[in-house]
Amino acid sequence: MELQEGRKGIPSLLFSQGECIASNITQLIGWTPLIELKNIAEKDGIGARLIGKIEPYQPLSSVKDRSALRLIEDAEEKGLITPGMTTLVGVTSGNLGIGVAFIAAQKGYKFIAVMPAKLSLDKQMLLRYLGSEVLLVDPAQHGFKALLDRVEQLKKDLGNAHVLDQFTNSANPDAHFRWTGPEIWKDTAGKVDIFVAASGSGGTITGAGKYLKMMNPSVKLICVEPAESPVISGGEPAFHNILGIGPGFVPEILDRSQIDEIVTVTTQEAMDMARRLAREEGLLVGISSGANAAACLKVASREENKGKMIVTMFSSGAERYLNTELFAQVREECVNVNMTF
């Protein structure tokens with residue numbers, strides 16, 4: 001992966017001469033701010049610095065905007081796809097698909113998202129609203145293989161189709177090596193000691209982690225996965241409800257050789273922490289972000305990490321999970337209150 005200065009995104013507009021107007025929405029993909037979780041650290045008596053990178057600042061509110069852009073740009077650079085002619089196809093739990101959908105719309109590609117059925121009505125609605133076709137597959141009988149089989153059938157049926165496979169395509173971690181890693185390094189002034197990131201496709205921890213270790217080999221990389229399905233740790237795949245991570249297999253692009261430690265988090269721990277981030281820090285982030293923050297607290301509580309800077313990813317916004325268990329209690333409360341009128 002070629003070393004490249006991080007994509008500047010919105011800051012590039014602010015420092016431009018004359019008009020500060022983006023030429024298209026892809027120009028806004030990139031830099032997102034870091035925030036320190038001082039309230040939670042103080043309440044829990046944590047001596048380390050807890051830092052989160054707020055990816056809901058991306059145009060479509062997810063870290064997957066980065067991967068989607070690089071997957072499409074890489075295919076264009078290699079002459080594999082042509083706007084108006086190639087149909088893009090991808091397996092997604094939602095966020096990668098939404099990232100591909102808005103970029104495809106801007107560039108002139110048709111996009112077909114293959115999704116597990118009954119996963120997230122919100123994400124299905126957004127994909128359709130962006131003009132994408134959504135094909136639902138019931139993975140109950142054959143698991144993730146059922147989704148891959150549907151993609152293979154689409155390739156045969158469509159002819160001129162290009163599969164954007166975030167689990168095997170090196171362009172995914174390359175997005176984080178080019179952009180996410182350099183942003184973290186620059187914005188922490190090189191002070192990051194530990195980088196904590198959950199693995200879904202494995203792109204973030206592989207790409208950003210590679211960059212951070214290149215800049216400072218002492219940076220520790222900690223991979224987060226669901227306690228219910230600890231496949232990277234050597235356990236068996238099983239159902240969990242931390243959407244976007246823990247697909248039930250070890251992704252091809254995940255570079256396990258650079259991971260220093262794996263921390264597991266339960267679905268309940270992830271959701272509890274996501275709710276704490278909202279009520280104690282005012283941060284509306286999703287379930288996997290809660291998992292990342294919960295893992296950070298486990299790591300930060302160790303005596304050897306006192307005074308260290310721990311950076312993690314807040315991968316998506318909470319609004320994308322309104323119809324999930326994350327909002328179950330407040331959703332029920334709101335429904336009950338409205339029924340009194």
Side-chain angles (χ1 to χ4, degrees), residues 55 62-64 66-68 71 89-100 113-120 123-124 127 134-152 163-173 175-176 196-209 221-256 259 262-267 269-271 286-292 294-295 313 315-316 320-321 324-326:
E55 290 298 295
S62 161
V63 67
K64 293 295 187 178
R66 299 176 183 267
S67 298
L71 286 167
V89 179
V91 173
T92 176
S93 62
N95 284 332
L96 188 279
I98 291 167
V100 171
V114 180
M115 296 182 66
K118 303 177 183 178
L119 187 63
S120 173
K123 293 175 182 176
Q124 292 178 36
L127 283 164
V134 178
L135 297 182
L136 300 179
V137 176
D138 185 358
Q141 293 183 340
H142 302 288
F144 192 77
K145 184 177 182 299
L147 298 169
L148 298 179
D149 289 344
R150 188 70 179 93
V151 168
E152 287 303 312
V163 178
L164 298 173
D165 189 344
Q166 61 177 322
F167 299 100
T168 64
N169 195 326
S170 61
N172 179 4
H176 301 287
V196 177
S199 178
S201 67
T204 303
I205 192 165
T206 296
L221 300 186
I222 295 181
C223 179
V224 183
E225 67 172 342
E228 298 92 339
S229 185
V231 176
I232 303 171
S233 303
E236 294 297 319
F239 175 79
H240 66 89
N241 219 354
I242 308 178
L243 304 182
I245 72 170
F249 61 92
V250 179
E252 183 178 317
I253 62 169
L254 177 65
D255 185 358
R256 289 189 284 180
I259 294 173
I262 299 171
V263 173
T264 60
V265 174
T266 67
T267 296
E269 287 175 322
M271 292 200 181
I287 305 168
S288 68
S289 301
N292 279 339
M313 303 292 292
S315 302
S316 57
R320 201 155 283 175
Y321 305 91
T324 70
E325 185 184 343
L326 183 63

> Looking at side-chain heavy atoms only, is the closest gap between V91 and L148 below 4.5 Å?
Replying inline: yes

> Quick one: side chain to side chain contact (heavy atoms under 4.5 Å, CB included) partners of T92, sequence neighbours excluded?
Replying inline: L96, A113, M115

> Between P116 and L136, what is the shortest heavy-atom contact and its length?
Replying inline: O-CD2, 4.3 Å

>> Please evaluate residues L164 and V100 with respect to the criterion side chain to side chain contact (heavy atoms under 4.5 Å, CB included), reporting the C-alpha separation (whole Å), side-chain torsions for both, the decisive distance (0.1 Å), and the verdict.
In response: CA-CA 9 Å; L164 298 173; V100 171; 3.8 Å; yes

> Considering all heavy atoms of both residues, which atom of I245 and which atom of A198 are nearest to each other, and what is their separation?
Replying inline: CG2-CB, 3.6 Å

> Nearest heavy-atom pair of S315 and S288: which atoms, and what distance?
Replying inline: CB-OG, 4.0 Å

> With no hydrogens and no angle check, is any side-chain donor or acceptor of N95 less than 3.5 Å from a backbone partner on K64?
Replying inline: no

> So V196 and V263, side chain to side chain contact (heavy atoms under 4.5 Å, CB included) or not? Walk me through it.
Replying inline: CA-CA 9 Å; V196 177; V263 173; over 6 Å; no

> How far apart are the closest heavy atoms of V63 and H176, and which atoms are they?
Replying inline: CG2-CE1, 3.7 Å

>> With a 4.5 Å cut-off on side-chain heavy atoms, are E225 and I242 touching?
In response: no

> Is F249 close to P237 at the side-chain level, that is, under 4.5 Å between some pair of heavy atoms?
Replying inline: no

>> Between Q124 (side chain only) and V134 (backbone N and O only), is there a donor and an acceptor less than 3.5 Å apart?
In response: no

>> How long is the straight-line distance from CZ of R150 back to CG of L147, given to the nearest 0.5 Å?
In response: 10.5 Å

> Restricting to pairs with a member in residues 236-249, which pass side chain to side chain donor-acceptor pair (under 3.5 Å), not counting sequence neighbours?
Replying inline: N241-E325

>> Using every non-hydrogen atom in the two residues, find where A68 and G99 come nearest and quote the distance to one decimal.
In response: CB-C, 3.5 Å

> Passes side chain to side chain contact (heavy atoms under 4.5 Å, CB included), I232 versus S199? Steps please.
Replying inline: CA-CA 9 Å; I232 303 171; S199 178; 3.8 Å; yes

>> With heavy-atom distances below 4.5 Å as the criterion, would you say the side chains of I222 and I262 are in contact?
In response: no

>> Testing the 3.5 Å rule here: is there a donor-acceptor pair between the side chains of E55 and S62?
In response: no

>> Using a 3.5 Å distance criterion without hydrogens, assess whether the side chain of E228 forms a donor-acceptor pair with backbone atoms of T267.
In response: yes

> Counting only N and O atoms by type, is there a donor-acceptor contact under 3.5 Å from the side chain of S233 to the main-chain atoms of G235?
Replying inline: no

>> Nearest 0.5 angstrom please: S201 OG to L254 CG, how far?
In response: 9.0 Å

> How far apart are the closest heavy atoms of A291 and V265, and which atoms are they?
Replying inline: O-CG2, 3.7 Å

> Which residue, T206, N172, D165, forms the side-chain contact (heavy atoms from CB on, under 4.5 Å) with I253?
Replying inline: N172

>> Using side-chain heavy atoms (C-beta onward) and a distance below 4.5 Å, is M271 in contact with Y321?
In response: no

